[in-house]
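A short worksheet on the structure shown next.
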2 protein chains.
Amino acid sequence: MRLVIARCSVDYAGRLTAHLPSAPRLILVKADGSVSIHADDRAYKPLNWMSPPCTLKEGGGDGDGAENVWTVVNKGGEKLIITMEEVLHDSSHELGIDPGLIKDGVEAHLQELLADRMETLGEGWSLIRREFPTAIGPVDILGRDRDGVTVAVEIKRRGEIDGVEQLTRYLELLNRDPHLAPVKGVFAAQEIKPQARVLATDRGISCVTLDYNALRGIQDDKLRLF
Amino acid sequence: MRLVIARCSVDYAGRLTAHLPSAPRLILVKADGSVSIHADDRAYKPLNWMSPPCTLKEGGGDGDGAENVWTVVNKGGEKLIITMEEVLHDSSHELGIDPGLIKDGVEAHLQELLADRMETLGEGWSLIRREFPTAIGPVDILGRDRDGVTVAVEIKRRGEIDGVEQLTRYLELLNRDPHLAPVKGVFAAQEIKPQARVLATDRGISCVTLDYNALRGIQDDKLRLF
DNA sequence: CATTCAATCTCGACA
DNA sequence: TGTCGAGGTTGAATG
């Protein structure tokens, strides 16, 4: 990864045409050849970028001696032209390939724990199975209450409206199956937003706030982010 | 803007929970307090990030002496926890506020030029107006052919399928207006992808390849990116 | 402040 | 390879 801080102007011509007037910016050249240009605000989105696979050529390439012009092109014929006016910093660093992001670590764990302790949801409740498959995706937990009524449980770390919508779709589908119907819904999360609670209640879905540490039964400072 | 290259592990807890195992990465701390973590690939998307407004605290904050732990929190209670294991580079740079991106410079210019030279599209063609308003957005150019038939022109720098779809929607709407109907469609671009051309032709929309320099009539090396 | 909608959306899965 | 759908979507514009 190469980090360049430079006063530069930038022209992009591809899916649209765009121009950045001269200003100091960060130019990020990554090992895969991709280039992005960042201002000193906004974490997520670069001002300008070229996605890999692409190639960077320093110098105009026309042999016109414009060595301060960088040209980045990709397969689709998109071009990013960076005119360097003053380089303030330039360093390179070997990072190697990244092991990558592990998502839902805690949510998966919550599901595991809850499946093992269905009595958390109610006395006499039992597990049918985790990740119960349906046509529109797996239901986190399918179980039975003490009366043998089927229960679909949706687990989120933070319970928001879209989670309730998701569970509602599962319930609608599951209730079409005469072998399962009637199916009750339980919305379980470490934290449930008021709006989500109202919507769930309105739809006859019960809400359960989960205590991660209590479920684990032990403390683990490394994972206890809150 | 602060650039830190460090071997680190990262935990995010917010709209979801996610974890990055220990590896060397770039940590970008911007003037607005936002933080993003980049691997050595992918130009656009950070591995992990925290959008502003948010606050960064170096050190665990528990007084536990974990000074190598950075904690970033925002209003919504989202947390990003970076555990620094080995700092390989750390530099700060003053960039100031960015003048920002100017989009569509050339596309807007193309529209201007074409409106002034409707005969480019056909002998005797004339302009009704640019940015002709409709309920679903403005049509780039509305004009008439030599027979007085209304023509809707969609202009793109690169003609792709979505441009044809857009023009199709305009045509459908415009043809419902008895004062205008029948309305013909013209898809004009500096470069038209084969797929887009096929789709347009299939829908009775004619395609025109625009020559920017010919339309301008003069050369301008500064703007001529191709 | 909530809501809607476009984006150089990106990114992964699947046919 | 193209298409489809989700995303910690982000970000701007609007009521």
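Naming convention: chains lettered A, B, ... in sequence-line order (proteins, then strands); numbering from 1 in each chain.
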(request) Provide the closest heavy-atom pair for B/T209 versus B/Q190 in the form atom of the first, atom of the second, distance. (result) CG2-O, 3.4 Å
(message) Between A/K45 and A/H38, does the side-chain hydrogen bond (donor to acceptor under 3.5 Å, both in side chains) criterion hold? Intermediate values first, please.
(response) CA-CA 8 Å; A/K45 196 181 175 183; A/H38 283 262; over 6 Å; no
(request) Return the 5'-most residue of the pair A/P52, A/L47 with respect to DNA chain C, ranking by each residue's nearest nucleotide. (result) A/L47
(request) State whether A/R15 places a side-chain N or O below 4.0 Å from either non-bridging phosphate oxygen (OP1 or OP2) of C/dA6. (result) no
(request) Determine the Euclidean distance between corresponding C1' atoms of C/dC11 and C/dA7; express it in Å to zero decimal places. (result) 14 Å
(message) Can you tell me if A/W49 touches the phosphate of C/dT10, counting only side-chain N or O atoms and a distance under 4.0 Å to OP1 or OP2?
(response) yes
(message) If I compare all heavy atoms of A/S34 with all of A/P52, which pair ends up nearest, and what's the gap?
(response) CB-CD, 3.5 Å
(request) Nearest-nucleotide wise, let me know which of A/L80 and B/A43 is further upstream toward the 5' end of DNA chain C. (result) A/L80
(message) Can you identify which nucleotide, out of D/dG8, C/dT8, D/dT3, has its nearest atom closest to the A/E78 side chain?
(response) C/dT8
(message) Side-chain N or O of A/K45 versus OP1/OP2 of C/dT8: is the shortest distance under 4.0 Å?
(response) yes
(request) Let me know the distance between CG of A/N74 and P of C/dC9, rounded to the nearest Å. (result) 12 Å
(message) Tell me if the side-chain of A/Y44 makes a donor-acceptor pair with the base of D/dT10, cut-off 3.5 Å, by modelled atom types.
(response) no
(message) Keeping B/Y170 on the side-chain end and B/P138 on the backbone end, is there a donor-acceptor pair under 3.5 Å?
(response) yes
(message) If the cut-off is 4.0 Å, is B/K103 near the phosphate of C/dT8, judged by side-chain N/O to OP1 or OP2?
(response) yes
(request) With P as the reference atom in both, quote the distance from C/dC5 to D/dG8 in angstrom, rounded to an integer. (result) 22 Å
(message) How many whole angstroms separate atom CG of A/D98 from atom P of C/dC11?
(response) 14 Å
(request) Quickly work out the A/E107 CD to D/dG7 C1' distance and round it to whole Å. (result) 14 Å
(request) Write down the distance between CD (B/E160) and P (C/dT8), rounded to a whole number of angstrom. (result) 13 Å
(message) Between P on C/dA7 and CZ on B/R157, what's the gap in Å once rounded to a whole number?
(response) 16 Å
(request) Provide, to the nearest angstrom, the distance between the CG atom belonging to B/L16 and the P atom belonging to C/dC11. (result) 16 Å
(request) Report the distance from atom CD1 of A/I81 to atom P of C/dT8, rounded to the nearest whole Å. (result) 18 Å
(message) Is it the case that the ring center of B/Y12 lies less than 6.0 angstrom away from the ring center of B/H19?
(response) no
(message) I need the CG-C1' distance between A/N48 and D/dG11, as an integer number of Å.
(response) 16 Å
